[in-house]
Amino acid sequence: MDPEVELVNPTAKVFSYRDLVPRVLAHHQLQVSLVDGTLNKSSLWGQGMLDAAEASLSSRASLAVFRRIDLNPLDNPQPDLWVAATLGESQIMIVAAGDCITCTTRGVRDAVYANDAGILAVCLVTGAVAEIATAVATRYGLPDLPVVAIRTSLFGKSREEVSRTAAAEMDSLADQVFIRQ
Amino acid sequence: MAIDLVEYCFEMQWSDGLPVVPPTRHRVDQMLGLLLDSKDYVVATMQPSGARATRELIAANSVMAGCMSAYFPVVEAAIEAISDPGFNLDRVATTASSQVPIFVVNGPLAGDVGLEGDWEVLSGSSRASATIGRAAMLCLRNIASHTSGGMPHSTIGSPMSRGLCFTENMIDSPWGSWHISKGFGAEESWVSAFAADPPVVLTEMGDTKPESIIETVAEGIALAGTYNAFFRSDLWLVLSPQHATVFDDAGWNRDDVVSALVESSARNPQDLMGRGLYGYVDQLRPPVWLEQSERVTMVDRHDRMKIFVAGGQFGGYTAVFFGQGETITKRVRRAQTDGS
């Protein structure tokens with residue numbers, strides 16, 4: 001082609017699509033990591049979301065073992081390091097990312113790293129940023145990353161109120177984690 | 001019928017909203033020049049996409065920005081700087097705040113490429129200053145997926161989102177170049193990057209005493225609603241030569257100004273509690289520095305405050321760039337005949 005007309009594509013051909021870790025059977029040996037990646041620790045929004053997730057998942061897998069991981073975005077935790085540290089201790093990872101765009105992007109990134117490590121990962125976000133979460137997941141090559149959107153807004157809500165709000169969406173979470181039997 | 005290449009670039013969403021120079025093969029090869037044989041060399045990995053920024057990709061975006069080929073080594077160093085893990089590009093590229101990368105170029109290459117540090121220094125009114133920063137921002141958009149396929153992320157955005165690149169006024173500055181004061185090689189050229197909010201430009205014309213300028217600028221720095229008030233990371237100041245000269249005439253150097261501004265802009269912890277980012281993050285559990293300090297400084301170390309001297313010869317102004325994170329400095333590598 002004429003080099004005066006041929007254009008060089010300035011965009012990165014970023015990656016090939018990643019494979020999504022499949023859903024699992026709700027059996028008793030499951031180990032579930034519940035990750036609070038929210039910025040606002042004092043209002044305990046992330047913990048409220050995770051309370052609802054734990055209640056929902058434990059009702060379907062009664063012997064599952066849950067553990068909480070508290071990440072402080074201010075410390076800039078690197079997912080390649082902390083996800084690797086959970087290997088062998090998690091088959092499922094639920095990442096609560098709050099309703100902050102930065103936290104959501106990081107939560108999605110962390111979930112993608114977990115998925116790459118063979119862990120079934122799901123992001124909990126609010127409706128306000130759910131579209132962003134999916135867009136970011138797509139840019140990471142994982143457009144089907146499970147994202148569960150919780151009704152906004154979280155402002156002014158206590159941990160218990162956030163948990164009650166999140167509970168309304170937890171059937172969706174369970175559907176994205178467990179194979180229907 | 002001939003294709004309108006400028007319109008095609010818009011359709012492909014390669015543009016930042018302004019028309020771009022179509023990155024034809026011929027122009028991109030010209031941009032690479034001696035580096036053409038190493039066009040696949042990976043300059044950096046850019047987050048959040050994790051994409052590899054090859055020389056060819058950077059060159060294509062530099063063409064679109066309107067750069068001359070002489071600017072390319074500067075753009076390359078700028079991409080290295082913002083891709084450094086210490087810059088935390090994934091946060092910068094996705095933050096809801098208005099911080100975007102800005103650049104200062106120091107050393108002989110700044111003048112060689114036509115960067116001017118005097119009048120309108122922050123206006124981007126010379127070709128070099130307008131296009132080097134723009135090239136870097138187009139790389140963010142098109143390589144690092146800054147906009148994530150059109151996804152907005154900044155609540156208000158920034159008027160600097162099409163790039164800001166400047167140099168110091170080495171003729172009228174009484175202090176010499178910032179990079180030399182920090183120990184970077186005088187004979188080499190350097191690009192420093194910082195994730196900054198749009199500047200607040202403060203004036204102090206009424207008095208020519210250093211203390212008066214310190215008082216006025218410190219009041220402007222001590223705002224509770226900035227990211228600096230919480231993160232206490234880097235902060236850039238651009239002093240006009242007139243302000244810098246007032247300090248120099250009184251025997252003050254850069255470090256003296258930094259010390260005075262850091263101390264004078266410190267706030268009482270009670271004034272910050274529940275305000276700005278403290279209000280969002282730590283209503284119930286304030287961070288350690290808020291609980292244990294009698295005074296909270298807007299940077300947690302003096303060397304986080306960077307002072308540059310730039311702008312026209314007359315006028316008592318100081319521009320304050322709040323922001324978050326570290327300043328990252330990279331050496332500009334001139335292209336060698338072997339393409340390295």
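Everything numeric in this text was worked out from a predicted model, so none of it was measured. Here is the naming used below: chain letters follow the sequence lines, and residue numbers restart at 1 for every chain.
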Check whether B:Met46 gets within reach of chain A through its side chain, its backbone, both or neither, counting any heavy atom under 4.5 Å.
->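 Neither part; nothing is under 4.5 Å.
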Within a 6.0 Å radius of atom [atom1] on [X], are there more than 12 heavy atoms belonging to other residues, nucleotides or ligands?
X        : atom1 : value
B:Phe10  : CZ    : yes
B:Ile156 : CD1   : no
A:Arg67  : CZ    : yes

Do you know the tightest heavy-atom contact between [X] and [Y]?
X       : Y       : result
B:Ala60 : A:Val8  : CB-CG1, 4.1 Å
A:Leu7  : B:Pro22 : CD2-CB, 3.9 Å
B:Leu57 : A:Asn9  : CD2-O, 3.5 Å

Picking from B:Asn88, B:Val28, B:Asp29, which has the most non-hydrogen pairs under 4.5 angstrom with chain A?
->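 Looking at each of B:Asn88, B:Val28, B:Asp29 in turn, B:Asn88 comes out on top.
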If you tally heavy-atom pairs under 4.5 Å against chain A, which of B:Met12, B:Arg27, B:His26 wins?
->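 Sorted descending by pairs with chain A, the first entry is B:His26.
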Say you draw a straight line from CG of B:Leu138 to OG1 of A:Thr11; how long is it, rounded to the nearest 0.5 Å?
->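 These two atoms lie 12.0 Å from each other.
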